[in-house]
Structures are given as C-alpha cells and as structure tokens.
Amino acid sequence: MSLTPELRRDMYRQMLRSRAFDDAMIGLYWVGKTPIFAFANGPLPGELHCSNGAEPVGAGVCAALDADDMITADHRPHHVAIARGVDVRRMAAELLGKKTGLSQGKGGHMHIYAPEVNFASSGIIAEGMAPAAGMALARRLQKRPGVALTFMGEGAANQGAFHEVLNLVGVMKLPFICVVQDNEWGVSTSKKESTAVERNSDRASAYGMAGEYVASNDPDDIYEAAARAMARARSGGGGTILELRTARLAGHFMGDQQAYIPAQMKQADPIPPYRAKLVAAGVLTEAEADAIAAAATAEIAEAVAFAQASPYPAAEEAFDHVFAA
Amino acid sequence: MSLTPELRRDMYRQMLRSRAFDDAMIGLYWVGKTPIFAFANGPLPGELHCSNGAEPVGAGVCAALDADDMITADHRPHHVAIARGVDVRRMAAELLGKKTGLSQGKGGHMHIYAPEVNFASSGIIAEGMAPAAGMALARRLQKRPGVALTFMGEGAANQGAFHEVLNLVGVMKLPFICVVQDNEWGVSTSKKESTAVERNSDRASAYGMAGEYVASNDPDDIYEAAARAMARARSGGGGTILELRTARLAGHFMGDQQAYIPAQMKQADPIPPYRAKLVAAGVLTEAEADAIAAAATAEIAEAVAFAQASPYPAAEEAFDHVFAA
Amino acid sequence: MSRILTMARAGREALDWEMERRSEIFVLGEDVYNFGGIFGTADGFGAKYGADRVINTPISETGFIGMAAGAAMAGMHPVIDLAYIDFIGVCYNVLLNTASKTHYMSAGQVKVPMTLMIGTGGGYNNAAQHSQCLHATVAHIPGVKVVYPSNAYDAKGMMHTSLRDENFVIYLTHKGTAGVGWMGTPIKTTLSEVPEEPYTVPFGKIAVTREGTDVTLIGLGMSVHECLKAAVDLARDGISAQVVDLRSLAPLDRDGIFAAVSKTGRMVVADEDYLSYGVSGEVIASVVERDPRVLRAPPVRVCTPDIPIPFARPMEQHILPLAGRIADAARMICTRKTEQ
Amino acid sequence: MSRILTMARAGREALDWEMERRSEIFVLGEDVYNFGGIFGTADGFGAKYGADRVINTPISETGFIGMAAGAAMAGMHPVIDLAYIDFIGVCYNVLLNTASKTHYMSAGQVKVPMTLMIGTGGGYNNAAQHSQCLHATVAHIPGVKVVYPSNAYDAKGMMHTSLRDENFVIYLTHKGTAGVGWMGTPIKTTLSEVPEEPYTVPFGKIAVTREGTDVTLIGLGMSVHECLKAAVDLARDGISAQVVDLRSLAPLDRDGIFAAVSKTGRMVVADEDYLSYGVSGEVIASVVERDPRVLRAPPVRVCTPDIPIPFARPMEQHILPLAGRIADAARMICTRKTEQ
Ligand SMILES: Cc1ncc(C[n+]2csc(CCOP(=O)(O)OP(=O)(O)O)c2C)c(N)n1
Ligand SMILES: Cc1ncc(C[n+]2csc(CCOP(=O)(O)OP(=O)(O)O)c2C)c(N)n1
Ligand SMILES: [Mg+2]
Ligand SMILES: [Mg+2]
C-alpha cells in the first residue's frame, strides 16, 4: 500500500465518520442531563470519552492494517473502532445500552468488542497492552499472520504494564505496535507533569524496539509511520512504539470544562486542514469533500435511529454470559 | 570521601563480615534438613537467599552513604544490611525467629527492618522501589537531607514498579538511586532471556535519569560509581540507575542445585581478587587481611551464639503489632 | 450553628482543618491539583497549599501509592486519592503486602500512617470496570483499617479519626452518596448537620440509623440509604424496620451487630459488593457463631450477585441491591412463620 | 493397575495428557522451563515440548498473565504458573478486570479459556509475604472459577476439567499438600490411587472425605487434612466427625454443604485464609440463610486470625488452623448443651 488518492480519501472519510459519530453521541449524551447534570441520566448514561481531534490516529493507523491484524483500544475507542470497520449501528446501540448493541448492552462505550474485525477495548488504563501482545504470541504459535496493536494515551505510558509488556515484546520479538496517542493530557494532568521524557517513542530503546514520532496529527504522516512499523513487525523486525501527537477537543469526558487548559495550549481541529490539503492536492474537490461529510452524517444518523429504535435487553439477561458453556 | 586506604580496608572488612554471616547461616540452614529436605525443618526455616558473591555491592555502595541516606532492599538483603551497619546479632536472631531479633521473630530473613540505620527490606519483587522514592519525597517535604536507594536484582527491573517509580523520580527530580544488582539470574532465568536490553542502566534515558554500569564486581569501582550517583542526587541533579554486575555463588536460595547454569557461566568469587589487589597495592598486608577475616568470623560466631541462646517469642505475641496504638 | 453539608464537603472540611495544622499531611493522586480529587475532598487545596502538598501524579498507582507508604514510613501522613476502587488491581500489592504488613513485620519499629480515599459503587451505568464495590477485598487484608461513612457527619468525623490514626486507613465513599456535581441531586439521607469544630467518630462502631422492632436491615455505604428507603416502605405495611449502618469494616463491630439483630430476631444484609465471600456472609456468620438462636427467621442477603456489572440500565438496576429487593426480603421473613 | 501419586505428579499427568493432544495448550511462567513450575506440574515439559510451548517469562506478572489472557482470546489455552498467591498483588487487575470480565462484557463474543495455577498457604515459616492463602480474594471475583483440589485424585481430575473448560479457571494448590521435594514427606491423606487414563472431576461439588454423625468439619486445601487429623483425634473421644472438602470455591456447592451440615447439626469451618470476609463466613451464611434451625450448636470458625503471618515457628503454629484447634472447637460444640 502507499499513500494513494483512494487511500487518502478513505482516511478523510473515516475521520468524518468518526467525528459524526462522536458529535451525535455528544448530542445524545446531554439529553436528560440538563439542568441537573448526572452521569446516570438520559439515554446515554455513564462516562463518555469522545475522540474529537484524534480521528487522524484511527484513520491513519488503521489504513496500514490488514484484516488479520488485531487491535486493543482504551477508554477512548471510537475513532479507532470506526476506522477499523466496527459496525457503527451496533456500536451506537451499545452506547445506548440496547439489545442490538455489540455486547447486547452489557459493555457500554469503554467496552467495545468486535471480534469479526479483531477489535477490543477496555477501561482500565494500559489494560489493553498485555492482551494485545498475547494475541500476537497466539498467532505466532498458531503459525498465522497478524500484527497486534494497542492504542492508548500518553498518560497510560506511565503504567507499569507499559514496561512489562514492551520488555516481553522485545524479548520475544513479537509483531506488536504500541500506539501512544499523545493528546497532551491525561484528564487534567499535562504530559509535562506526568512524563519524565518528552517523547515516549524515545523509550523504545529501553526495549530493543523501534520508536516513531509523528508531530503533525495529519493522517498522511501517521499512515506512513504506521506502515513502516507494520512492515517491520511483519518482517520479523520486532515492535515499535509509535507516538502520535494528537488532540482532545471535547475534554476528557463529557462534563469536563477544561478550565485547566491554558489559552496557549488550545488544540487545533485536524479535519479542516486535512480537507484543505486534499483539495489543494487535487485529491478531492470541494463538492466531493462535502459529499463525504454528508454521507458520514447520514450514515451516523441512520445508525443512531437504529440504536434508538432498538429495544433494551430484558433485566434478567444480566445473568447471561457470565461463563461460556 | 574518596578511595582512601581506610575506606578500602573497611569495604574489605564489610565483605568478609557479610560472607561470614552468610556462611554461618548456610551452616545453620542445613541443620535438620538432611536427609529429608523441607523448608520447615531446623533452626532456620523458610526460604533463605544468601548474598555470597554480591558482597562488593553492599560494601561499595554503602561506603558512599551518609547516616541520613535511606535504603530499601529485597529478598536478598544480608550484604546490604551488614554493610549499612545493621546489628548482626539481632539480624542473626531474626533469621532464627528469636525474640531478640530485629523484628522479634515476626519478620524473618526477607523482612529486615532497622530504622536506626534507615534500612528496610521486603520479599515481593521490586516492592522496595516505591517506598524508597517516597522516603526521598518525605525528606524533601521535611526539608531534611537524605538520598534514597533501593537495591534489587536485574530480574526485578522487568517489574512494572520499576517503570512507574523511575518515571516519578524523573518527574519529581528526587534524590534516588536504583541499584540493579545484575547477577545474571532471576532464579533459573537468565538476564538474556528476561531482559530486552543488555544493560538496565541504559534504560535511564527513558526517565531523564543518569545511568552507570560497573562490570567488575570490584568494590572500588562500585564505590566510585556510587559516589558519583550520590553527588548527583545530593546536588539536585536527579536520580541514577546504577547497574552492578555481580555474582550469586550460593544459588537462588538454599536447595537450588543450579543445574541450569552452563559451565562457561560459572561465576567468580569477588573476595580473593580484592584481597590480592589490596595486598598488592600495599593497603593491607597478608597478616592484616587474615586478621580482618578472623575478626569477621569471630564477630559472626558470637552473633550466632547470641541468636541461638536467645528465647523464642511466646506464641501469643503473634497478636501484637498488628496496629500501632 | 446549623449547617447541612454533603459528605464531600464534610470530609473536605476535616482534611482542611488537619492540613492547616499538621505539616506531615499532604495529598497525592491523579488530578488532585486541578480537580481536588474524585469527591472534591481536596477542592481548592492546590491553590491553598501549593503543589508540594497537593501532588498531581502520573497514572502510576503502584508508584505513587507505594511512594505514599514510603513517605509514611519516613514520618509523613499522606492522603491518597484513588478515584475508583476498580483500579486497585494495578496497585494491590501496595495494599496487600506493603502498607498493611510493614508495621507487623517490623514488630512495631516502623509505622505507616496513611489514608487512602477510594470511591466505590455503581448505579449510574458506568459498567463492569467502573462500578464495583470490592470493599470486602480490601477488608480481608489484615493490618488495614477500612471505614465507610455513609453520611456527612460521619464523613467528617471519620476523616479526622483517619488522619489521627497511626495506621494505614482505607476510607471508602460510595460515589452515589458523596453529593458531588456529577451524580445529580444528593440523596437526602446522606446530608447531615455538621458542626464546624473538629470531632472524631470512632472506628469499629455501628450506627443504628433508624430504630425498629420487627427486622434489622444492615447496610453499608449506599446500601444504608436503600435500607432506609425500604424501611419507609415497610412502615407502610406495618413492619417496623431497624436500620444499621456498619460504618467500619475493619474493625467490625460484631458486638453491635449482634445486639441489633438480637433485638428483632430477623436480619437482612444489603450489600452492593458481590455476594460470595463478602460482607454479607461475614455479618451473618458473626451473628450465628455467637448464637444462632437469636434468629427467628433465616437471614437474607440482598447483594449484587456474582456477575460483572452490566452497563444497560434495565440490567444494572435489576442486579443492584435496591430498596425494593430489600423490602421484599424483609417482608418475606417477617410474614413467614418460623417454627422455632 | 494401582498407583499412588502425589498431587504434583497427578496434576502433571493431566496437563501432559492434554498438551500431547491439544496444540492450543501452552505453559508460561517464571522458571517453568528449567524448574517445571512451583509444583513440578510442568516437570520435564521444557525438553518434551520445547521453548515455544513452555515459556520462561521475566518477573512481569501483569505482562505475562495479561498476555496469556490475550492469547486465550485469540484461541489458545494458556496454563500459567504463578508460584505464590501472595504475588497476585502485582497482577491483580488481569484477574479482576480482564480475564474474568471479558466474556461478559463482550456478551459472549470473546472467550478467555485459561488456567492459572497458584500455590497457597504457609506452615513452613516463610513469613508474611509468602504464606498467605487469599483464596477468598480470588473467589470474590465474578466470572472466574476457583478450584482447590486437596488430594492426588482430584488434582488430576480437576486439572483435566480446567483444561477443558472454556473459562478462566484458577487452580489452587496448598504448597504443603502438593508433595514436592522442598516441603518434606508428603502428607498421607494427600496421596491417592490415580488411574492412568484421563478423567474429569466436576467443579462445584464438595467431597465428603470422611463419614461421621456428630459434627461436620469443613475444610479446603491443607485444612482438609487438618480436619482429617482432628477427626481421628475426636474419634478417640467417641465423637464421630464428618469431614467435608469444599474442593471448589466458585462455583460453591451450597446444596452439598447444607446437606452435610444438616446431617450432624454441628459445623466447624477450618480455613487457613484470614478469618474476616473469607470462606468461613460464606460457608456459614450459606447454611443459615437456608435454615438456621439445622444447627444444634453455634457454628465455629477455626481460621488464621486477621493478622499478617508471623515468621517464627511458635507464633506461626499458634495462629494456623491446625488439627488441635479444630478438634477443640468440635469438642466444645459437641459437649455444650444447646437449648434449641
Ligand atoms: C488504572 C487506572 N487508573 C486511572 C484511571 C482513570 N482514568 C481514565 S482515563 C484517564 C486518563 C488517561 O489519559 P491518557 O492515557 O493520556 O488517555 P486520554 O484520556 O488522554 O485519551 C484516567 C486517569 C483508569 N481508568 N485506570
Ligand atoms: C512479584 C514477585 N514475583 C515473583 C517472586 C518470586 N521470586 C523471588 S526472588 C525471584 C528472582 C529475583 O531475581 P532478581 O531480581 O534478579 O534477584 P536475585 O534473586 O538474582 O538476587 C523471584 C522470581 C516474588 N518474590 N515476587
Ligand atoms: Mg492523553
Ligand atoms: Mg538476579
């Protein structure tokens, strides 16, 4: 693969699908939560961590993957899931706790499982690292292809699991990529406050791994770095820490006013510049770009309608799926 | 301080005290454990991890410390404790589970506490890291001097705590030294098998810390590297990973036959070469060296006699010290 | 002077009072500087006490809670904010083997005075990894005190007691009881009149939160309020329910529990933690090992069953030990004839 | 053909049999290649199956147990050796939130078939951080099966069952029962005749290890053998003690326990785990919540008290739930007149 016009158009499309999804979820989230805010209220209860601003990460990395590759993501999974091809209707339904959801309403937005596209996510920080490495090991033992990727934040890179798993990946030379999404913040704590080095990608040398850093939040650059990391992993060259500077436009979670962010640290939306770039490069016309946006919005609107129209699970279904039979 | 003859003689003395202690404990350990081996049998029950071969680490590093500095050690604590000045009589009594022991028989050999010399140890791998860093933080908050050191094995450097704590130390610029005792083995697992890089000291760059590596298992070299690290820490220059190549001559614990160690990996005893070196340098005469050895043996014999003559705690004392009043 | 406070504000007041006077106390945790901790227990402390005493940490729970333990051993009294008890998985060794056992293993040579504040519980659709109670898991560790205020008066008094205790204290608060902004309108029964002056509430004493003669409803954290709701409901049916708030899991007030249950001869234990190997079994065993004959009917447990917490509201509400289930259980044992 | 095996050899035989036939099974843990695991369950497997299927890991329990969970999700069946349950502190999140909850959170889309072997217990003076049982801590987690064979026959049968189960199974063995070299002469009652052919022992069924009519002694792991010793002693006093081996903590055989206790009307629960919030309370509550009237005397718990395990022999032996304490408890409730 290379950075063809088709690929770039598709990355743009994935970014817009993700944005449309999150914007729709944000809209639903606030239903029932004003004037009195409470996590429990409304059709979309619980915590909600949206991906607005991070769409280039999902689009750029996933464009470099094959069907065989495996992903674990974290508490902010939408942009990765959507770019990976997780069914947006069933994902929307899951966020609303509906029976038609990916996990029949058992999971919620932090627990997105879609084995048909080798996607999983979970809500404990850095929890996805080890399972992803284990998936890579499984494939090796099964003599099947597949690179495993874990997506996490720069805050998660200070968890012990980061170290343990990267060392194991280094020792076993597993096909594994640790995608560190550096959006500058872990909740209200800045990377500078939380991290003893400027770039987590530089920590790769502690594990005999490669490090890649992309500063631009531009899917083209992210795709190319990811493609290099994938080529290394597929050819037995070992793992990569792929750190991607990105953005967190909608706050840590819904309800976060971000008063702690100084004005000079305000983050830019990556979508308009990428659109402008593709138009300037002749990859898209303005009309095509509009059409992509409209299609994304329409697709998500339909997904939301599907989710809203779906029934809730019955109360007693809570007792199903505790154990595999 | 510098590498004066007095200092070198004292390091030699500490090495011999430690060796005499461990040799005595090994002797006691086997009492009651033949012909049928059982951890529970004899006057010194439980697991016993001896420091034979690692004496230069304790002697060399502790020679660079002040009374204010604080140590946490691991499951193999004797050489560090002894060089630090922990009372060998009470330590011997603790290993035998006696009322006169440092912890009145509650701790055993992995749990050596001697606050009068700022020494503590514990048995979960890498467990000592965070408390040591916290002690350094406490001193800063109290505006009191003191560098904190944790002693651990190369195997422990692959625990998550290593990463979390070193990052915190880096962020907070704490006066902290992580002493990694590389004896090539974590139980039966070689460093090559367990560790993705050759030197843990190279991992220091992942935390904005300094790294020092000493290959010789010679207390002079260890002292000098430790003194550099201490100077850095005391002057606000931050932490150091101080990796010291050392030896594990008596196996992981008593009962370990070390059949897994290939012949070419047989480790050398650091005591004879250091003696020869000091004699050659005119720091010690042969007679002085013998006298130091004899004094060490006599001191430990007396300590063992004290321990053996001491009473056991009463059974009901088990219920004391659960909580501070 | 009468003031009605939330638990969050009451706990904050105690911490503030102690911090003003004792330099050994400092606060650390994720986002404590800007957010003041999960319950706002350190709200505004960043500005007041500075970044030295209100330390924002990386997401490194083993690291910073272990550091707190070390700082405690070196003479400080750290107060740690671990937002959700679900996160104990990444730092459990510090709780299990370090902070709780050092005093004992050193035969009293070393003290570890520190207070670990943790939020528990669900009921707001935050799913399996952010809704657990797990209080039995921490209370099973020897060498730790575990307290669990359920109203503002106790929140303040037990915070003072914690901060004056020379041991490792885990101070639990059910998220739904604290009265913080993100959980909606505070539950009325969590609010109390709170004296401005400092006071302590002793550990290891139950509180009888409501008097009653027919059945004893025993709860902790949020379940106390569900029991109180159930009691109101039962009163309409002519059943007089006594409500007991355990308040402290370690030490556990076995005398108090036995006395309360003896009074009515019937007990329902409501617990939002998982049923098996938890508080409910312990409380029942504590009564019957003294004398099973005080029970005029079988004890009943109303708990979260042994399943992960589902996200969707209909399922989650179904499995939580809410007032309806508690009242039903009480009605069942009050009406059922026993032959004893 | 009659063969008497230790638990360690019996468990090994089952694992070997399954590994020979099923390529999805592999073993990982610290020192499994050279040492064959803490109980020798993988003894010689390094040479037989190679380093791909017998993986020596770094001391990175969160890393390698988490990897095992991921490998299980991807179709393998990992068998993990975590030598001592005291170490769960550094990897508890994998147990609590990952391996146990993924199947549920995915509504059955993802399976996590893996077997985690852990050694428990003390009695050999290994002090506070290497002698714990903590079986209640792991059994409190929903979504995990916890089994605990106490003799060779069950060790083999339950290993087969574990390896054929599609869920996360924690397979506990008390160190003192396994019959390994470093613990001295094996306890007689742990040895069994073990068929060479494979067989399964179902989870969730108690075993009545000794029949008796006056009192029911309930144990698990090592405590089963202490109960058996106590029963012999009691027989000398004319007291006929029934001994129950719980064998499985999750699922727990509440029917079986109730039936056994009903038979004698008296129960002593012996548990080497800490007393509070543990197995002992759960077992007692499980009986009385069905019907307290089956008890002719108060139930008694003989447990490790809520204190860290002391190192020195006189103190350690004093606090362990050994046969003497169990027999005393049984004598007390068998002779004490109850007025029921
Ligand atoms: C072990 C653990 N600690 C704390 C949390 C609470 N928490 C959820 S998200 C988050 C911040 C994560 O920051 P980062 O990894 O940078 O991801 P981002 O939110 O910026 O995408 C925290 C602290 C958690 N879920 N798990
Ligand atoms: C968390 C944890 N895992 C495993 C163990 C068991 N264990 C005790 S010592 C040891 C090896 C340690 O190796 P290293 O750190 O190199 O120290 P050395 O024994 O070589 O001095 C292991 C695995 C433990 N005590 N704690
Ligand atoms: Mg971030
Ligand atoms: Mg080593």
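Residue numbers start from 1 in every chain, and the chains themselves are labelled A, B, ... in the order their sequence lines are given, proteins ahead of strands.
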[X] versus chain B, heavy atoms under 4.5 Å apart: side chain, backbone, both or neither?
| X | answer |
| --- | --- |
| D:Ile319 | side chain |
| D:Thr62 | neither |
| D:Tyr84 | side chain |

So what's closer than 4.5 Å to chain D heavy atoms on [X]: side chain, backbone, both or neither?
| X | value |
| --- | --- |
| B:Ser122 | both |
| B:Asp256 | side chain |
| B:Ala314 | backbone |
| B:Gln104 | backbone |

Which pair of heavy atoms, one from [X] and one from [Y], lies closest together, and at what distance?
| X | Y | value |
| --- | --- | --- |
| B:Ala318 | D:Pro310 | CB-CG, 4.1 Å |
| B:Ala315 | D:Pro314 | CB-O, 3.6 Å |
| B:Gly97 | D:Ala312 | O-CB, 3.2 Å |

4.5 Å side-chain heavy-atom contact, [X] and [Y]:
| X | Y | answer |
| --- | --- | --- |
| B:Pro45 | D:Tyr124 | no |
| B:Met110 | D:Asn126 | yes |
| B:Val187 | D:Glu30 | no |
| D:His318 | B:Glu317 | no |
| B:His111 | D:Phe311 | no |

*Take B:Tyr260 and D:Phe35 through the test ring pair (Phe, Tyr, Trp, His ring centres under 6.0 Å) and record every step on the way to the result.*
CA-CA 9 Å; B:Tyr260 50 85; D:Phe35 280 11; 5.5 Å; yes
What's the spacing between [X] [atom1] and [Y] [atom2] if we round to 0.5 Å?
| X | Y | atom1 | atom2 | answer |
| --- | --- | --- | --- | --- |
| D:Ile307 | B:Asp320 | CD1 | CG | 9.0 Å |
| B:Leu44 | D:Asn125 | CG | CG | 10.0 Å |
| D:Lys175 | B:Phe39 | NZ | CZ | 9.0 Å |
| B:Phe37 | D:Thr185 | CZ | OG1 | 12.5 Å |
| D:His130 | B:Ile124 | NE2 | CD1 | 5.0 Å |

*Side chains of B:Ser188 and D:Asp31: donor-acceptor distance under 3.5 Å anywhere?*
yes
_When you measure from the side chain of B:Gln159 to the backbone of D:Ile59, do you find a donor-acceptor pair of N or O atoms at a distance under 3.5 Å?_
yes
*Give a yes or no on this: more than 12 heavy atoms of other residues, nucleotides or ligands lie within 6.0 Å of atom CD of B:Glu198.*
no
*Tell me, out of B:Val322, B:Leu48, B:Thr189, who's got the most heavy-atom pairs with chain D below 4.5 Å.*
B:Thr189
*For the candidates D:Gln129, D:Arg313, D:Glu316, which exhibits the highest count of non-hydrogen atom pairs separated by less than 4.5 Å from chain B?*
D:Gln129
